[in-house]
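First the structure, in the form of structure tokens, and then the observations on it.
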2 protein chains.
Amino acid sequence: MARARISDVAAAAGVSVTTVSLVMNDVESRISDETRQRVREAARAVGYAPNSVARGLRTQRTRTVGLISDQIATTPFAGRMLAGAQDAARDNGYLVYLIDTGGDAEIEREAIDALTAQQVDAMIYACMWHRIVDVPQGVSAKTVLLDCRPVKGGYRSVVPDDRAGGTAAVRELVAAGHRRIAYIDTDDGPIASRLRHEGYLEALAEAGIPADPALHITGDTSAHGGRAAAEVLLDLPDDERPTGIFCFNDRMAAGVYIAAHRRGLDIPRDLSVVGYDDQQLIAAEQDPPLTTVALPHYAMGRWAMEVALGVRAEGDEDATHLMECPVIRRDSVGPPPAQVAKPNRRRASHTERPPLAAPDR
Amino acid sequence: MARARISDVAAAAGVSVTTVSLVMNDVESRISDETRQRVREAARAVGYAPNSVARGLRTQRTRTVGLISDQIATTPFAGRMLAGAQDAARDNGYLVYLIDTGGDAEIEREAIDALTAQQVDAMIYACMWHRIVDVPQGVSAKTVLLDCRPVKGGYRSVVPDDRAGGTAAVRELVAAGHRRIAYIDTDDGPIASRLRHEGYLEALAEAGIPADPALHITGDTSAHGGRAAAEVLLDLPDDERPTGIFCFNDRMAAGVYIAAHRRGLDIPRDLSVVGYDDQQLIAAEQDPPLTTVALPHYAMGRWAMEVALGVRAEGDEDATHLMECPVIRRDSVGPPPAQVAKPNRRRASHTERPPLAAPDR
DNA sequence: ATGAAAGCGCTAACAC
DNA sequence: GTGTTAGCGCTTTCAT
């Protein structure tokens, strides 16, 4: 049986469609309570629910939002961002169209056109990693960018505060007493890499620790890359070897665990490590659980949706919102191991390294 | 500036809206080529693109699909399923509404109503784990179930063939020469657990290996649970201890790695392990990379969308489609360690265990 | 080969 | 307080 239309309700209640429309939309109280009641009952009786398509055509507002993303699928991050956006949409009575372009520019174009044709009230352009993007033509200036920033401004956007996150991570180590702190970076060079490195440097500086270039090392962003980098670090002579390692991400931190455990090093007794991302399947399941910095995906998703829907007042253009990355304390950070006492020397440095093992020569 | 409407094109081309519509939709060739040309140019000139909402109202087909899921967000699986569904939708010119209900029944109801009001042409009801669900009222019988089966039939559905997957996993171990093969199961009791166990039993049976209840052990579905279960198994006396372990999932397998490595056991030299799920961040990044059974999420998503859209002919009701779970061979399976020769005894069993270390008494 | 006109289901002026 | 009516932008008979 076909869906009931507004005219069916009107007929059943013995009123005009206007009246039905008015009571269904809770407009003015010019309708008598008695009529209201009758209409409500009639609507229930015939099983009426307004047709959003017809309403959308008439009002020119569809209460739908388009969310275009480059890679919703392949990253385990996506979910939280979607969830945040999703929840915010529902809270405001909106439905969301999700389109994953896989990063393909043509698909992206088509997606934008399709969404526009569908008369979405707002659009969100999301990336799965903090990136700087060249927003494709055709996207309205009212579009909100999620986890990315426009190459030349002109859009509202929200990204994680990776710089502050890097600082916070390193401060954990400093607070535990570490002085020789390494940063295992990625060599892929995403914007987050640069920012976290800046944060690392800043935390070092504020603690009065000179940055040692030998402790800034790179690898690919996998457990394998992290492990390889850690091997290099752990091969350093005792007095140069880091006691704490900050990793670009949790996967690399997992690699550090492997390297450490293979050498019989205990975490955090012999080595402290801090990750980044707070990937559930990795960070929480390490042994011991990994202290890391969380990417505020849910909050970012929510923020983007709220701004897109206009329920959160935000400068109308060009504002990049930095969202805090909280430190998640678990068990991979402890005090540095007791110093190996080295008589006649206070501190070893690269440049003024004293001759080692001279007797052997 | 407002979007161009079909009448604008008609005016620009000096024809009627009917003609424009006919041309835009490539209907019959009753329009002369010359007129076609003119209309096309006019459309381009005024930047015309049909309004999907108006078209949807008129044709009663919106070319949109609703995808309701219980937990898109919190599981790293979701992505591949979405991607499959998404891609199939795009291939056929459909847009998808995504709604994550978080498992909340009321939200689910509202979602169904909203989608119905939005006149979606089809719906997919997805779960993030293979489950048996009580499909809520209001979902049309044409809805397709993804990664779940209806408690009392009546819907088309697609789920992974967990039983065959379990068999395939254990066969890997059998083929490598193992005879004492354990199954580390979950105690949460999802349907997949039962099926994979059945598969395990079947593989054992076909290899003529009697099932040893001591080798079927459970734990919670985390690395921690897997590790605890592995400890128990590895504490077994030499001749009862399994040489191969099949785990309910990759996370638990990661726990087995930890337990093994802590005891100085090498994988796969001293112990072979097979996981399930093929979670990228876990399986591929283990050291050595984990052999596992993949859940065909992408294919299931695609299948569901294709039958939902009617582009894949499938029995119109009540058909549960089982999708194959392929074994992903990596490096965690090898031959069992050489047997510790035990003179005077061919095989130890629980009941007839010979006195150990008698000389010490 | 092309056009006029009805109508999808709804909202919102504008009557009464 | 309530009803009539004109569209929203499009497709689709039915004329011509």
Side-chain angles (χ1 to χ4, degrees), chain A residues 1-40 42-43 46-64 93 113-114 116-121, chain B residues 1-40 42-43 46-64 93 113-114 116-121:
Chain A
M1 100 203 157
R3 269 175 73 103
R5 291 151 304 160
I6 196 172
S7 57
D8 296 328
V9 180
V15 296
S16 74
V17 294
T18 305
T19 303
V20 178
S21 174
L22 260 22
V23 346
M24 295 307 288
N25 293 296
D26 284 318
V27 184
E28 326 168 29
S29 52
R30 69 183 224 190
I31 306 293
S32 72
D33 278 357
E34 196 237 337
T35 309
R36 280 189 121 58
Q37 205 59 32
R38 226 176 46 250
V39 170
R40 292 246 162 76
V46 302
Y48 174 71
N51 178 323
S52 301
V53 179
R55 177 184 282 171
L57 178 58
R58 175 64 235 235
T59 62
Q60 299 292 73
R61 303 194 59 246
T62 54
R63 300 198 79 82
T64 61
D113 291 346
T116 305
Q118 213 59 248
Q119 307 268 80
V120 294
D121 295 338
Chain B
M1 100 205 158
R3 267 176 75 102
R5 291 150 306 159
I6 196 170
S7 57
D8 296 328
V9 180
V15 297
S16 72
V17 295
T18 305
T19 302
V20 178
S21 175
L22 259 23
V23 172
M24 297 306 288
N25 294 296
D26 284 321
V27 184
E28 326 168 29
S29 52
R30 68 182 225 191
I31 306 294
S32 72
D33 278 358
E34 196 237 338
T35 309
R36 280 189 123 60
Q37 204 60 31
R38 232 180 35 254
V39 170
R40 292 246 161 76
V46 302
Y48 174 72
N51 177 322
S52 303
V53 178
R55 176 184 283 173
L57 177 59
R58 174 63 235 233
T59 61
Q60 299 293 71
R61 303 195 59 246
T62 55
R63 300 197 79 82
T64 60
D113 291 347
T116 305
Q118 213 58 249
Q119 308 268 79
V120 293
D121 294 338

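We name chains A, B, ... by the order of the sequence lines, and we start the count at 1 in each one. Hydrogens, waters and symmetry mates play no part in the numbers below; they use all other heavy atoms, side chains included.
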Self-check item: Sequence-distant partners of Arg40(B), side chain to side chain contact (heavy atoms under 4.5 Å, CB included), two or more places apart
Solution: Val23(B), Asp26(B), Arg36(B), Arg44(B)
Quiz item: Taking atom CZ of Arg55(B) and atom CG of Asn51(B), what is their separation to the nearest 0.5 Å?
Solution: 9.0 Å
Exercise. Round to the nearest Å and state the distance from Arg5(B) atom CZ to dC8(D) atom C1'.
Key: 10 Å
Self-check item: Side-chain heavy-atom pair Ile6(A), Met24(A) within 4.5 angstrom cut-off
Solution: no
Quiz item: Could you state the interatomic distance from CG (Leu57(B)) to CG (Leu57(A)), rounded to the nearest 0.5 Å?
Solution: 5.5 Å
Quiz item: Quick one: Ile31(A) CD1 to dG3(D) P, roughly how many Å, whole number?
Solution: 8 Å
Quiz item: Of all residues at least two apart in sequence or in a different chain, which pass the salt bridge (charged side-chain N to carboxylate O under 4.0 Å, His left out) check with Arg5(A)?
Solution: Asp8(A)
Exercise. Name all residues meeting the side chain to side chain contact (heavy atoms under 4.5 Å, CB included) criterion together with Asp121(A); count only those two or more places apart in sequence or in a different chain, and write none if there are none.
Key: Arg61(A), Thr62(A), Arg63(A), Tyr94(A)
Self-check item: Strand contacts (DNA chain C) in residues 50-59 of chain A, 4.0 angstrom heavy-atom criterion
Solution: Pro50(A), Asn51(A), Ala54(A), Arg55(A), Arg58(A), Thr59(A)
Practice problem: Report the distance from atom CD of Gln119(B) to atom P of dC8(C), rounded to the nearest whole Å. | Solution: 13 Å
Quiz item: In whole Å, what is the span from the CD atom of Gln118(B) to the C1' atom of dG9(C)?
Solution: 13 Å
Quiz prompt | Strand contacts (DNA chain C) in residues 8-19 of chain A, 4.0 angstrom heavy-atom criterion | solution = Thr18(A)
Quiz item: Once you round it to whole Å, what is the distance between P of dT12(D) and CZ of Arg61(B)?
Solution: 11 Å
Quiz item: Do Thr64(B) and Gln118(B) touch side chain to side chain, with heavy atoms closer than 4.5 Å?
Solution: no
Quiz item: Of Leu22(B) and Ile6(A), whose closest DNA chain C nucleotide lies nearer the 5' terminus?
Solution: Leu22(B)
Quiz item: How many Å lie between CD on Gln60(A) and C1' on dG9(C), as a whole number?
Solution: 14 Å
Quiz prompt | Thr19(B) and Arg38(B), any side-chain heavy atoms less than 4.5 Å apart | solution = no
Quiz item: For Arg3(A) and dC10(C), what is the distance between atoms CZ and C1' respectively, to the nearest whole Å?
Solution: 12 Å
Quiz item: Can you tell me how far C1' of dG3(C) sits from CZ of Arg38(B), to the nearest Å?
Solution: 14 Å
Quiz item: Does dC10(D) have OP1 or OP2 sitting under 4.0 Å from an N or O in the side chain of Ser21(B)?
Solution: no
Quiz item: Who pairs with Thr18(A) by side chain to side chain donor-acceptor pair (under 3.5 Å), at least two apart in sequence or on another chain?
Solution: none
